[in-house]
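Quick note: residue numbers are just sequence positions, from 1. In listed order, ligands and their atoms are each counted from 1.
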Amino acid sequence: MRRKIVAANWKMNLSIKEAKDLAHQILTSDLQLNEKNSVVLCVPFTHLHVVNEELSKHKVNSVYLGAQNCSDKLQGAFTGEISPLMLQNLNTTHVIIGHSERRQYQNESNELLKSKVETLISQNMQVLFCCGEPLEIRKNESQNSYVAEQLTASLFHLNAEQLTKHIVIAYEPIWAIGTGLTASPQQAQDMHAFIRSLLSEKYGNEIAQQIPILYGGSCNAQNAKELFSNQDVDGGLIGGAALKADTFLPIIHAMN
Ligand code: PGA
């Protein structure tokens with residue numbers, strides 16, 4: 001059985017106090033996780049410290065701390081950047097790489113993302129690697145080749161061991177992010193099965209079957225169960241609905 005993951009992407013939201021309270025609420029509720037099902041809280045850099053404190057206080061198994069980006073360099077004269085080593089100082093184990101908002105607003109290229117992936121693997125960290133097509137590409141029905149190109153350019157140089165130990169893929173169609181327009185369960189399953197077929201072509205079926213593929217884009221308490229019931233959907237990357245315990249906790253339970 002593949003690992004399942006529900007990851008919260010808080011984006012640029014919440015005060016430090018709100019972050020602490022939300023982490024507390026999540027960690028003190030009955031999450032019913034096991035070693036195959038985990039939760040990752042990907043919080044703003046400035047909030048890692050308090051969320052880490054909450055995590056160490058409550059010691060809930062299978063809940064991990066994540067960041068939303070990092071530098072591809074480990075240290076040096078890179079003003080304003082955050083190194084994976086600094087993230088590890090705060091017990092951060094996971095990092096979202098290649099979110100469409102960073103590709104779009106920070107012009108992050110496939111080449112840069114490849115370099116970030118390599119740096120994180122060199123530090124034994126977990127990568128939540130995002131891919132997904134914009135609306136015009138979906139309208140032309142060329143989403144498969146678009147996503148294939150993103151994965152080939154930034155991930156497919158890895159060997160099978162690196163891939164299975166460090167990579168979780170998140171498919172997030174851009175037209176569904178923060179818009180209230182969710183991909184239908186069939187659209188999600190079709191893309192996830194396509195991504196798995198690409199992994200299988202490149203690494204063989206046994207490896208492909210091990211990689212978790214999460215869905216993201218207006219996933220919420222109402223639609224999570226149906227989305228996650230698809231064979232190739234192994235959980236979700238959750239934005240808006242992860243900002244409140246009462247909308248986030250049902251998504252965790254939908255995974256379980
Ligand atoms: P959303 O965001 O759930 O608010 O659509 C998901 C994401 O961008 O990771």
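Salt-bridge check for Glu35 with Arg3: failed, with every basic side-chain N at 4.0 Å or more from each acidic carboxylate O.
Distances below 4.0 Å separate heavy atoms of His99 from the following atoms of ligand 1: 7 (C), 8 (O), 9 (O). Those atoms of ligand 1 that come under 4.0 Å of a heavy atom in Leu237, given as number and element, are 6 (C), 9 (O). Of all atoms in ligand 1, listed by their number and element, those nearer than 4.0 Å to a heavy atom of Ser218 are 1 (P), 3 (O), 5 (O). In the vicinity of Gly217, heavy-atom distances shorter than 4.0 Å reach the ligand 1 atoms 5 (O).
At least one N or O atom of Gly239, backbone or side chain, sits closer than 3.5 Å to an N or O atom of ligand 1. By the 3.5 Å distance cut-off applied to N or O atoms, Asn9 is counted among the residues near ligand 1. Checking only distances, Gly240 does come within under 3.5 Å of ligand 1, N or O to N or O. The distance criterion of under 3.5 Å between nitrogen or oxygen atoms is met by Gly178 with respect to ligand 1.
Residue contacts with ligand 1 include Ala176, since one of its heavy atoms falls under 4.0 Å from the ligand. Residue contacts with ligand 1 leave out Ala241, since none of its heavy atoms falls under 4.0 Å from the ligand.
Regarding atom 2 (O) of ligand 1, its nearest protein heavy-atom neighbour is Lys11 NZ, 3.3 Å. For atom 9 (O) of ligand 1, the nearest non-hydrogen atom of the protein is Glu172 OE2, 2.7 Å.
For an aromatic pair to be called close, the ring centres must be under 6.0 Å apart, and Tyr215 with Phe228 fails this.
Hydrophobic clustering (side-chain heavy atoms under 4.5 Å, transitive across Ile, Leu, Val, Met, Phe, Trp, Tyr) groups Val95 together with Ile238.
Proximity of a side-chain donor or acceptor of Lys165 to a complementary backbone N or O of Gln162 within less than 3.5 Å is not detected. Distance alone, capped at 3.5 Å, places no donor-acceptor pair between the Glu133 side chain and the Arg138 backbone. Within the 3.5 Å criterion, the main-chain N or O of Gln187 finds no donor-acceptor partner in the side chain of Asp190.
Of the options Glu53, His49, Glu54, His47, a side-chain hydrogen bond (donor to acceptor under 3.5 Å, both in side chains) to Lys20 is made by Glu54 and by none of the others.
Taking the six-membered ring for Trp and thresholds of 30 and 60 degrees, Tyr64 and His94 have ring planes inclined between 30 and 60 degrees apart.
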